[in-house]
Amino acid sequence: MKTIFQHIKGDKTIWAIVAILAILSFMPVYSASTNLVYVKGLGSTSYYLMKHLVLLIMGFAIIYGVHKIPYRYFSGGSVLLLPVVIILLIFTLMQGTVKGGANASRWIKIAGVGFQTSTLAGLVLMVYVARYLARNKEKQIKFKESIWQLWLPVSIILMLILPANFSTTAIIFVMILTITFIGGYPLKYIGFILGTGIVALSIFILIAKAFPDAMPNRVQTWENRISGFFPADEVEGSNEKTSNKENYQVQKAKIAIATGGIIGVGPGKSVQKNFLYASESDFIFAIIVEEYGLIGGLLIILIYFVLLFRIFVVIRKTTTIFGTLLVVGVGLPIIFQATINMAVATNLFPVTGQTLPLLSSGGTSIWMTCFALGMILSVSASKEQTEEDILDDNPLDILHETI
């Protein structure tokens, strides 16, 4: 056991948090998977449990491998991966799946395994933005130059993600604005980019409405989710009408949470998992609260809060600007995603389709979260990196060393 810990570097608390979340995920995933087995007739509960175990083992392997890489390689690596990500996103839009007749092109099959390319794209984009900000920290940023070097790649990737996944696009955009603010990018330029983004989204919605066959039901889905979150004001005698406007998933999630009470109904005894769509992924927090009560829900929130605290500890100890921005860029989205997932389940936020990191079922989410955590651990394990070593790295030299 001692030999194993000798090979593990970086913040030990983060390692412990990952292990705790992984262990805690087994029962909720196993319980919620009965929805897929008995309601939809897909596979068996043992199959989904073993699949989740394999995904977590692969996730730990990713963390271990990535945290052994000096984080200076991530800087140049992001430049090399940008064109790869763009090609994958284009391929995803062309070949992705369509569910229920709607354009839901988020997934592609790689060696028979479903992969959500937008998650990888967001991770690469965060590292690329951190690289740009670190390289220009001591310079006076010229807006026209930054448009080509920073915002053009960002815009291309976000436009490729937007047609099938608005919530992921919004999260990535907000996180990029956050990291640019922290990285010292001029506030007046950030305001202009924000306004441009809002205008671009409005134009996209108008085009989608004008040509509905190009993107079936996507804008309508967004409208339904927002209207479900803001139902019409209740008046006397209109309860049924108002109830019909409420989002079905959120209704079932609220019932699950209300049923859980303080201590919950017990492991595996959730009733709403049989009615709640995506109970093993997007709405797993509702199942956790139903089975383990308010105590279980608060425990999960506390764990993510501790993870956030340790991310700030790593940031405080980091000696380079790129390392600081890298940890912010890949660490905060994990907490942000967890917050949104729990807010959706408790009806504090419209339905978005975001999983609960390391607790929900789903390979892409687990792997990309583990990749991000591996980067954070790489930064926390590094003691001798200098800004010059990182920012002078030529991406082609990194590719040569890798080969």
Side-chain angles (χ1 to χ4, degrees), residues 14 17-18 20-22 24-25 28-29 32 52 55-56 59 62-63 106-107 115-127 129-130 157-158 161-162 164-179 182 225 229 249-250 253 278-289 297 299-312 314-315 326-376:
I14 292 179
I17 290 170
V18 173
I20 291 170
L21 286 174
L24 292 178
S25 71
V29 168
H52 186 64
L55 292 175
L56 284 174
I62 290 172
I63 293 179
R106 306 181 184 186
W107 307 83
F115 186 82
Q116 192 169 354
T117 50
S118 60
T119 310
L120 172 63
L123 192 62
V124 172
L125 205 52
M126 290 299 175
V127 181
V129 173
I157 289 178
L158 291 182
I161 298 174
L162 177 61
N165 200 335
F166 170 73
S167 60
T168 297
T169 306
I171 290 174
I172 294 174
F173 186 55
V174 170
M175 288 292 100
I176 287 176
L177 293 181
T178 301
I179 191 175
I182 295 173
R225 288 177 173 179
F229 182 70
Q249 292 171 276
V250 175
S279 58
E280 79 289 349
S281 54
D282 300 350
F283 284 90
I284 198 167
F285 184 71
I287 304 303
I288 291 173
V289 177
L299 175 63
I300 298 302
I301 294 173
L302 176 62
I303 293 173
Y304 284 117
F305 180 80
V306 174
L307 176 59
L308 176 63
F309 174 74
R310 296 310 302 180
I311 287 173
F312 280 116
V314 174
I315 291 172
L326 175 66
V327 175
V328 171
V330 303
L332 290 188
I334 298 175
I335 307 301
F336 194 46
Q337 182 179 333
T339 303
I340 290 177
N341 177 280
M342 293 183 285
V344 167
T346 52
N347 198 30
L348 297 175
F349 202 82
V351 177
T352 60
Q354 297 296 319
T355 57
L356 194 56
L358 295 177
L359 280 173
S360 293
S361 175
T364 307
S365 174
I366 292 174
W367 294 341
M368 291 301 102
T369 299
C370 289
F371 206 104
L373 290 169
M375 289 182 179
I376 295 171

By side-chain contact (heavy atoms from CB on, under 4.5 Å) - contacts of Leu308 (at least two apart): Phe312, Leu332, Ile335

Ala372: partners by side-chain contact (heavy atoms from CB on, under 4.5 Å), with sequence neighbours left out: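 Result, side-chain contact (heavy atoms from CB on, under 4.5 Å) vs Ala372: Leu123, Val330, Ile334.
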
With rounding to the nearest 0.5 Å, note down the distance linking [atom1] in [X] to [atom2] in [Y].
| X | Y | atom1 | atom2 | value |
| --- | --- | --- | --- | --- |
| Thr369 | Leu358 | OG1 | CG | 5.5 Å |
| Leu120 | Thr364 | CG | OG1 | 9.5 Å |
| Ile172 | Leu158 | CD1 | CG | 6.0 Å |
| Leu162 | Ser167 | CG | OG | 10.5 Å |

So, for [X] and [Y], which heavy atoms are closest and what is the spacing to 0.1 Å?
| X | Y | answer |
| --- | --- | --- |
| Ile179 | Ala130 | CD1-CB, 4.1 Å |
| Asn165 | Ser118 | ND2-OG, 3.8 Å |
| Ala345 | Ala253 | O-CB, 3.5 Å |
| Gly331 | Ile376 | CA-CD1, 3.6 Å |
| Ile340 | Phe349 | CG2-CD2, 4.0 Å |
| Val306 | Ile17 | CG1-CD1, 3.7 Å |

Pair Asn341, Thr339: side-chain N/O donor-acceptor within cut-off below 3.5 Å: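 Short answer, no.
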
Thr355 side chain to Ser365 side chain, donor-acceptor N/O pair below 3.5 angstrom: yes

Val351 and Phe283: CA distance, side-chain angles, deciding distance, side chain to side chain contact (heavy atoms under 4.5 Å, CB included) verdict: CA-CA 10 Å; Val351 177; Phe283 284 90; 4.2 Å; yes

Test log, rule side chain to side chain contact (heavy atoms under 4.5 Å, CB included), inputs Leu56 and Cys370: CA-CA 9 Å; Leu56 284 174; Cys370 289; over 6 Å; no

What I'd like to find out is whether the side chain of [X] reaches to under 4.5 Å of the side chain of [Y], using heavy atoms alone.
| X | Y | answer |
| --- | --- | --- |
| Ile303 | Leu24 | yes |
| Tyr304 | Leu356 | yes |
| Thr346 | Val289 | no |

Under 3.5 Å donor-acceptor, Ser360 side chain and Ser281 backbone: yes

Test side chain to side chain contact (heavy atoms under 4.5 Å, CB included) applied to Val18 and Ile63, step by step: CA-CA 10 Å; Val18 173; Ile63 293 179; 3.8 Å; yes

Audit row: His52, Ile366, side chain to side chain contact (heavy atoms under 4.5 Å, CB included) steps and yes/no: CA-CA 9 Å; His52 186 64; Ile366 292 174; 3.9 Å; yes

Residue of the set Gln116, Gln354, Gln337 for which side chain to side chain donor-acceptor pair (under 3.5 Å) holds with Thr168: Gln354

